[in-house]
Enquirer: 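One structure, as structure tokens, below. Some questions next.
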2 protein chains.
Amino acid sequence: MISGKFAITTHILTLLSKFPNDYLSSEYIAGSINLNPVLVRKEISNLKKNHIVESKEGKNGGTRLLKPASEITLHDIFKMTFDTVSLGYAKNQPNPDCPVGKRINENLDFLYLDINEKINAQLSTITLEDFSNQF
Amino acid sequence: MISGKFAITTHILTLLSKFPNDYLSSEYIAGSINLNPVLVRKEISNLKKNHIVESKEGKNGGTRLLKPASEITLHDIFKMTFDTVSLGYAKNQPNPDCPVGKRINENLDFLYLDINEKINAQLSTITLEDFSNQF
DNA sequence: TAAATTTGTAACATATTTTATTACAGTATG
DNA sequence: CATACTGTAATAAAATATGTTACAAATTTA
């Protein structure tokens, strides 16, 4: 769910990195993304599951980073928000009686695996700090 | 339209490459992909626009490659079927009054551009012949 | 300790995108 | 001239993504 997950999560983390000592509310964050606060909280829930942020409930509550932005890479964000990059598959199972249909997905898999390795290598070199410093 | 475009088009071209002298019907191709023939014809329409295949109407008609599989790269297919690879954007326009919201998409663009360069470089090295020989 | 504010989450609604179907005109073949 | 194709438009259905409402639970602060 949420196909803008990576972008939204990166946006959230960029904001948090700008105020590393403050608890930012989902409503404040939602205001920057222009997104429903509930969806922000869903992404934060995912971030918490991955020990990237912590939240405080109640009045003056909110969310903040659990570790320095220099120790979070875009690859970490990617892993939390994306399965893999893929150029897609046909929706239905191809005909197993056709030599091409039988193995097309397998061969696409190999290709997409290669692509993902390249992307992962690239994203691993960029920290949240790097990304955030662009703003 | 059609998010499995790349996979479907690659499947079509792989089939055509296996029978470079025959006109294959959209129904035959659809049978291998397990896809509606109309959608196959739509993708073929795109391939024709790009001068990769030619079609013959009427009885015993169909589609065949216009050039050898060794002269078509996966990057060619990619260009015809994909805009760019992206890890997504938030759906709504971010808050322009927030320094992060104001420039998040621009900065994601840079990142996605880099990713696409890598993917393009990789796909350019693989011909349809290479891909087809895996089967 | 009560009011206010915030998270957490479920349930549901809407919007968007993708895929499928139907229909039929046009074209070539035999 | 019957048959088997392509080409394409219009529409329907299915899948996915996003948005909304509602409310319990937690925490702060007055």
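Quick note: numbers below take in every heavy atom, side chains included, and nothing from hydrogens, waters or symmetry partners. The structure displayed is predicted, hence computed values, not measured ones. Numbered from 1 within each chain, the chains take letters A, B, ... in sequence-line order.
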Enquirer: Between P on C/dT22 and CD on B/E27, what's the gap in Å once rounded to a whole number?
Expert: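 Whole-Å distance recorded here is 13 Å.
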Enquirer: Measure from the side-chain heavy atoms of A/L39 and tell me the nearest of C/dA4, D/dT20, D/dA4.
Expert: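 It is D/dT20.
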Enquirer: One pair to check against ring-ring contact (aromatic ring centres under 6.0 Å, His included): B/F131 and B/F135. What are the steps and the verdict?
Expert: CA-CA 8 Å; B/F131 189 79; B/F135 291 85; 5.6 Å; yes
Enquirer: Given atom NZ of A/K5 and atom P of D/dT16, what is their separation to the nearest angstrom?
Expert: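 It is 15 Å, rounded to the nearest whole Å.
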Enquirer: If you take all heavy atoms of B/H51 and B/K67, which pair is closest and at what distance?
Expert: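 Between these two residues, the closest heavy atoms are O-CE, 4.3 Å.
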Enquirer: What nucleotide among D/dT18, C/dT7, D/dT8 has an atom nearest to a side-chain atom of A/S3?
Expert: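 Looking only at heavy atoms from C-beta outward on A/S3, the closest nucleotide is D/dT18.
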Enquirer: Atom CG of A/N92 to atom P of C/dT19: distance rounded to whole Å?
Expert: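 In whole Å, C/dT19 P lies 9 Å from A/N92 CG.
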Enquirer: Looking only at side-chain N and O atoms, does A/S26 come under 4.0 Å of OP1 or OP2 in C/dT7?
Expert: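 Answer is yes, contact under 4.0 Å.
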Enquirer: Looking only at side-chain atoms of B/V38, point me to the closest of D/dT6, D/dA9, C/dT18.
Expert: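 The nucleotide sitting nearest to the side chain is D/dA9.
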Enquirer: Do the ring planes of A/F6 and B/Y112 sit parallel (below 30°), tilted (30 to 60°) or perpendicular (above 60°)?
Expert: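 Tilted: the ring planes of A/F6 and B/Y112 meet at 30° to 60°.
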Enquirer: Of B/K59 and B/K91, whose nearest nucleotide on DNA chain D comes first from the 5' end?
Expert: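 Whichever sits nearer the 5' end wins; that is B/K59.
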Enquirer: Just the rounded figure in Å: distance from P of C/dT6 to CZ of A/R64.
Expert: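 It is 17 Å, rounded to the nearest whole Å.
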Enquirer: Does C/dT5 have its OP1 or OP2 closer than 4.0 Å to a side-chain nitrogen or oxygen of A/N60?
Expert: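 Negative; the distance criterion is not met.
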Enquirer: So which of B/L65, B/L47, B/L66, B/I44 actually passes side-chain contact (heavy atoms from CB on, under 4.5 Å) with B/E54?
Expert: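 Exactly one candidate clears the test, B/L66.
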Enquirer: If you measure only the distance, is there a donor-acceptor pair under 3.5 Å linking the side chains of A/S132 and A/T14?
Expert: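 Looking only at side-chain atoms, A/T14 and A/S132 do not form any donor-acceptor pair under 3.5 Å.
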Enquirer: Of B/R41 and B/Y89, whose nearest nucleotide on DNA chain D comes first from the 5' end?
Expert: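 Between the two, 5'-proximity favours B/R41.
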Enquirer: In whole angstrom, what separates A/N46's CG from C/dT9's P?
Expert: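 About 12 Å, once rounded to whole Å.
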Enquirer: Roughly, in whole Å, what's the span from NZ in B/K42 to P in D/dA9?
Expert: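 Distance, rounded to whole Å: 9 Å.
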Enquirer: By nearest atom, which of the nucleotides C/dT9, C/dT27, C/dT7 is closest to the A/E57 side chain?
Expert: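 The answer is C/dT7.
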Enquirer: Take the protein atom OH of A/Y28 and the nucleotide atom C1' of C/dT7, then report the distance between them rounded to whole Å.
Expert: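 After rounding, the reported distance stands at 18 Å.
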Enquirer: Between D/dT20, D/dC5, C/dA23, which nucleotide gets closest to the side-chain atoms of B/S25?
Expert: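 Selected nucleotide: D/dC5.
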Enquirer: To the nearest Å, give me how far apart CG (B/N36) and P (C/dA23) are.
Expert: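 After rounding, the reported distance stands at 13 Å.
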